[in-house]
Amino acid sequence: MSVVAIIGAQWGDEGKGKIVDVLAEKADAVIRFSGGDNAGHTVINPRGEFKLHIVPSGIFYPRTACIIGNGLVINPKVLIEELDSLKARGVDVGNLHISDRAHLIMPWHLLLDGLEEEKRGHSALGTTKKGIGPAFADKTARIGIRTCDLIKFENFKSRLSEILEIKNEILEKVYNLKPLDFDSILKEYDGYATRLIPHIKDTTAMVNDLLEKGGKVVLEGAQGAMLDPDFGSYPFVTSSSPLAAGACIGSGISPRKIDRVVGIFKAYTTRVGGGPMPTELTDAVGEYIRQHAHEYGATTGRARRCGWFDAVVGRYTTQLNGFTSAILTRLDVLDEMDTVKICIAYKENSSVIDRFPADVNSLDRCEPVYEELPGWKATTSDIRDFKKLPVNARKYIRRIEELIECSFHIISIGPRRDQSIIIKRII
Ligand code: GDP
Ligand code: IMO
Ligand code: MG
């Protein structure tokens, strides 16, 4: 038995897709456990470049079962389009399974995500406008519609009728909009049901059976720990837990069965959307990273905010998740830097703090305290042996390990599957 959880350790986009594509070769199943199509996971392998939003990044290995867990909210239209585009590129999606407990994104979720953002004005969160927040809110409010309702379509019909009444009141009375039409939603989702039913099943039973037989499972995180609704930079967070604890909830695997929790860290920091980011660089260095690394969102195309590595965040997310090892990605992006900086603490007014504060206003006042290290000024993307990395790159890596209190087992030095330095096998 072996269960490995892959967790974003910053604000998302750390390179989880690439790493899952590397690890999935040895896995019997890969399970996405949180979020929805707000995620954008880039995979570059011999089949080409892919941006996956809902389908797990293990899909390129036909032997590996790919499961969309109960913890997701699924936009069926987006999922069908993603499956069609994978099929059109010759990828076999026959081993794709959808939890019968996952929630569906409905037309009002998409509408309300946009309307609520507009209402927030200057304090907009910068959501992906994929309906994620409203869909998770309805799940908690017990007015969600699930994939199992697509199978028993009479249940779908009665849930739709009850819930649409509530939603139309909001659309009409709060937002002065026309009500949504029951018949056209019913027809639209009937079409989705026909397409998706062959994939919908009790994936919790499926995965636990697999584990009983000694199978290996990779849990694929979406977003990053700093976007967690409890521990992230609230309210500038997402609406489901990207943490290791969320991996259990979103898959139906017990915490006792998780063997390894692996944190994915980018060699610097990025964030897309609003909210505090203490190490953000609004100068030429930040712009250099954005252009050089093409830091633009895989889902929305928005420019990502870029900054130095934040070890206060790294230590915090290591603690929250209990990382047993870490993976450093995009080291190659820093190859040309004269010096590299690591944020080791924050200064708020006259006091130095080494903990991530709860209050975003306090975070806004935090100035990073940096340690500056010499750069390595050498190309790293062709290196496959840790010992062959330039000495200053190794010093940078070792210093981060000390600060976050966790060791790196893979160093990623390029977006392709083969551009990985394996220090210790993870699966
Ligand atoms: P995810 O959401 O965590 O899967 O990450 P994204 O796919 O949104 O963003 C990560 C970006 O970094 C993608 O464009 C990847 O192709 C790219 N990438 C991943 N690892 C590396 C690396 O080691 N070096 C470089 N240069 N790019 C990488
Ligand atoms: P992956 O899996 C980066 C951010 C949004 C916004 C906030 C809330 O690719 O790492 P939401 O649409 O979830 O309500 O938006 O969360 N966000 C991400 N940022 N990577 C992601 O996923 C993200 N998913 C959501 O930009 O700030
Ligand atoms: Mg991404």
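For ligands, and for the atoms within them, numbers begin at 1 and follow the listed sequence.
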request  = Measure the acute angle between the ring planes of F50 and F60, then classify it against the limits of 30° and 60° as parallel, tilted or perpendicular.
outcome  = tilted
ask   = What does the list of residues with a heavy atom under 4.0 Å from ligand 2 look like, ordered by chain and number?
value = W11, G12, D13, K16, N38, A39, G40, H41, L125, G126, T127, T128, A222, Q223, L227, V237, T238, V272, G273, R302
Mode of K18 contact toward ligand 1 - side chain, backbone, both, neither (heavy atoms, under 4.0 Å) = side chain
message = Checking a contact table here: which protein heavy atom is nearest atom 24 (N) of ligand 1, and how many Å away?
response = D332 OD1, 2.8 Å
inquiry  = At a cut-off of 2.8 Å, what protein N/O/S atoms sit near the Mg ion (ligand 3)?
reply    = D13 OD1, G40 O
Pair R365 + E348, salt bridge at N-O below 4.0 Å = yes
message = Suppose we call two aromatic rings close when their centres sit under 6.0 Å apart. Are F309 and Y268 close by that rule?
response = no
note = among protein heavy atoms, the one nearest atom 10 (C) of ligand 1 is D13 O, 3.7 Å
key: Mode of I413 contact toward ligand 1 - side chain, backbone, both, neither (heavy atoms, under 4.0 Å)   = backbone
task = Give yes or no for whether the N/O distance cutoff of 3.5 Å, strictly under, is met between G12 and ligand 1.
result = no
inquiry  = Quick check: L331 and ligand 1, any N/O pair under 3.5 Å apart?
reply    = no
query = Does ligand 1 have any atom sitting under 4.0 Å from a heavy atom of H292?
reply = no
key: Protein heavy atom at shortest distance from atom 14 (O) of ligand 1   = T42 OG1, 3.8 Å
request  = Provide the number and element of each atom of ligand 1 under 4.0 Å from a heavy atom of H41.
outcome  = 1 (P), 2 (O), 4 (O), 7 (O)
task = May I ask you to decide if the ring planes of Y396 and W376 are parallel, tilted or perpendicular, using 30° and 60° as cut-offs?
result = tilted
remark   = the protein heavy atom lying closest to atom 23 (O) of ligand 1 turns out to be S412 OG, 2.5 Å
key: Closest protein heavy atom (residue, atom, distance) for atom 2 (O) of ligand 1   = G40 O, 2.9 Å
inquiry  = Among all the protein's non-hydrogen atoms, which is closest to atom 18 (N) of ligand 1, and how far away is it?
reply    = R330 NE, 3.6 Å
task = Taking D138 for its side chain and A141 for its backbone only, find out whether a donor-acceptor pair lies under 3.5 Å.
result = no
key: Between D359 and S362, a side-chain donor and acceptor under 3.5 Å   = no
